[in-house]
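Numbered from 1 within each chain, the chains take letters A, B, ... in sequence-line order.
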Number of protein chains: 2
Amino acid sequence: MPFKLIRHRMTRQRQIILEVLRGTGVHPTADVIYEQVRKIMPQISLGTVYRNLRVLTENGEIQELSYGSSHSRFDGNPSDHYHFVCRECHAVADVNLPVMNKINTLAAEAVNGRVESHRLEIYGLCAGCCNNNLCAKDPD
Amino acid sequence: MPFKLIRHRMTRQRQIILEVLRGTGVHPTADVIYEQVRKIMPQISLGTVYRNLRVLTENGEIQELSYGSSHSRFDGNPSDHYHFVCRECHAVADVNLPVMNKINTLAAEAVNGRVESHRLEIYGLCAGCCNNNLCAKDPD
DNA sequence: GTACGTGCAAATATTTTGCAGCAGT
DNA sequence: ACTGCTGCAAAATATTTGCACGTAC
């Protein structure tokens, strides 16, 4: 038997992590999630947060986003959608733009292999950073 | 004077790193670049490779790509283009698809702030992994 | 009862940085 | 000569993991 079916359990830790992620509009990093969850369950460990984020991602209940280099961010909304990333404060927000399935069709002609999905990120300045006079200047 | 102009020097190390990046079709990680450069200049240090990758990225001479979580990859082609990422072997390849500027226009209407650019990644199975019978199965 | 999950702490992996001497312009 | 750059090694960051005990099912 090459594959073993793991029967995941819904522990209190996993449940709280999921609730925190679903209840926030920002797309927090693992340690921000850790801090949030600790307010509800102070004894949780960071390792548990990472393990659960992995399990939830593999289950398709949340999604992992990685922009810039360093740390990952997580999104409690598992459905396919696009993101906006602020080049100044690095905030990540959902973009209210329909998913363009046509991109997969177009890409399939240009790629040697099988196209399954795509990921689109919009970059720029968020409203907050824009108001800090940054929008007066040209982009770097 | 809030900004200081740094006058970068073209050292032999920087030059070799740039040549290695421009001479490869793959999009290598920092330590792969390090190994390549060491064949030409064995005494170079990993810290120098990281410092130069940063400077070159800031200068717009190369670009940094980050998919999945862990390590960054670098692309010796600084012009705007899209990438294909294999979900199995994580190889990254250029996609021969024109840049769709219209996406910025569309996004500008859906975003609160200033849209400057976008990044598009196509996901799927590369030709090699496809041939390993993986294309017979449905995606996970 | 079984075996997945947890907290803790140590281990990994990746990237950054302080420092004294080196080298591009 | 000025100041950025280098190699080295240590530090900082982010994430993973071994282990013994705990708990969902």
Side-chain angles (χ1 to χ4, degrees), chain A residues 1 3-21 27-59 61-75 90 92, chain B residues 1 3-21 27-59 61-75 90 92:
Chain A
M1 51 168 85
F3 292 107
K4 174 168 181 180
L5 178 61
I6 292 181
R7 204 155 280 290
H8 290 298
R9 292 165 187 176
M10 184 48 71
T11 60
R12 184 155 152 67
Q13 286 86 340
R14 189 162 297 164
Q15 197 154 40
I16 293 174
I17 291 170
L18 201 44
E19 280 165 14
V20 164
L21 263 176
H27 299 69
T29 56
D31 61 295
V32 169
I33 295 166
Y34 175 54
E35 291 307 331
Q36 289 293 115
V37 174
R38 279 223 285 186
K39 290 178 188 164
I40 302 164
M41 185 180 236
Q43 75 280 19
I44 199 172
S45 76
L46 186 54
T48 295
V49 172
Y50 274 105
R51 271 183 292 231
N52 278 303
L53 289 173
R54 173 123 58 110
V55 168
L56 291 169
T57 301
E58 288 171 354
N59 281 0
E61 297 180 78
I62 65 175
Q63 50 182 318
E64 182 178 358
L65 317 171
S66 28
Y67 309 110
S69 43
S70 46
H71 34 239
S72 284
R73 287 168 171 277
F74 295 86
D75 188 339
H90 306 109
V92 177
Chain B
M1 52 168 84
F3 292 107
K4 173 167 181 184
L5 179 60
I6 292 181
R7 203 155 280 290
H8 290 298
R9 293 165 186 175
M10 183 47 72
T11 59
R12 185 157 151 62
Q13 287 86 338
R14 189 163 296 164
Q15 198 154 37
I16 294 175
I17 291 170
L18 201 45
E19 280 167 13
V20 163
L21 263 176
H27 300 69
T29 56
D31 61 295
V32 169
I33 295 167
Y34 175 54
E35 291 306 331
Q36 290 294 114
V37 174
R38 280 223 287 186
K39 290 178 188 165
I40 301 164
M41 184 180 237
Q43 76 279 19
I44 198 173
S45 77
L46 186 55
T48 295
V49 171
Y50 273 105
R51 271 183 291 230
N52 277 302
L53 288 173
R54 174 124 58 111
V55 169
L56 291 169
T57 302
E58 288 172 352
N59 280 0
E61 297 181 78
I62 64 174
Q63 50 182 316
E64 182 177 359
L65 316 171
S66 30
Y67 309 110
S69 44
S70 46
H71 34 239
S72 284
R73 288 168 170 276
F74 295 86
D75 188 339
H90 307 109
V92 177

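Checked options Val49(B), Thr29(B), Leu53(B), Thr48(B); the residue passing with Tyr34(B) is Val49(B) (criterion: side chain to side chain contact (heavy atoms under 4.5 Å, CB included)).
Remark: P of dC5(D) and CG of Leu53(B) are 14 Å apart, rounded to the nearest angstrom. Remark: P of dA23(C) and CD of Gln15(B) are 16 Å apart, rounded to the nearest angstrom. Nucleotide dG4(D) holds its P atom 15 Å from the CG atom of Asn52(B), rounded to whole Å. For the pair Ile16(B) CD1 and dT6(D) P, the interatomic distance rounds to 11 Å; values are reported in whole Å. The CG atom of Leu5(A) sits 15 Å away from the C1' atom of dT2(C) (whole-angstrom rounding). Rounding to whole angstrom units, CZ of residue Arg38(A) and C1' of dT6(C) are separated by 15 Å. The distance from atom CG of Asn59(A) to atom C1' of dC4(C) is 13 Å, rounded to the nearest whole Å. Nucleotide dA14(D) holds its P atom 18 Å from the CZ atom of Arg54(A), rounded to whole Å.
Residue contacts shown for Ile44(B) are limited to sugar-phosphate atoms, with no base heavy atom under 4.0 Å away.
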Evaluation steps, side-chain contact (heavy atoms from CB on, under 4.5 Å), between Met41(A) and Gln43(A): CA-CA 6 Å; Met41(A) 185 180 236; Gln43(A) 75 280 19; 3.5 Å; yes
From CA spacing to verdict: side-chain hydrogen bond (donor to acceptor under 3.5 Å, both in side chains), Ser72(A), Glu64(A): CA-CA 7 Å; Ser72(A) 284; Glu64(A) 182 178 358; 2.6 Å; yes
Audit row: Ile16(B), Arg12(B), side-chain contact (heavy atoms from CB on, under 4.5 Å) steps and yes/no: CA-CA 6 Å; Ile16(B) 294 175; Arg12(B) 185 157 151 62; 3.6 Å; yes
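What you find for Arg73(A) and His90(A) is that their closest heavy atoms are NH2-O, 3.4 Å. Closest of all the heavy-atom pairs between Ile33(A) and Pro28(A) is CG1-CG, 3.7 Å.
Tyr50(A) has no side-chain polar atom (N or O) that falls below the 4.0 Å cut-off from OP1 or OP2 of dT16(D). Close to dC5(D), at under 4.0 Å from its OP1 or OP2, lies a side-chain N or O of Arg14(B). Note on Gln13(B): a side-chain N or O is less than 4.0 Å away from OP1 or OP2 of dT6(D).
Position along DNA chain D of the nearest nucleotide to Thr29(A) versus Leu46(B) favours Leu46(B) as the more 5'-ward residue.
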Sugar-phosphate or base contact per nucleotide [nucleotides 19-25 of chain D; S, B, -; heavy atom under 4.0 Å]: ----BBS
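With sequence neighbours excluded, no residue forms a side-chain hydrogen bond (donor to acceptor under 3.5 Å, both in side chains) with Gln13(B).
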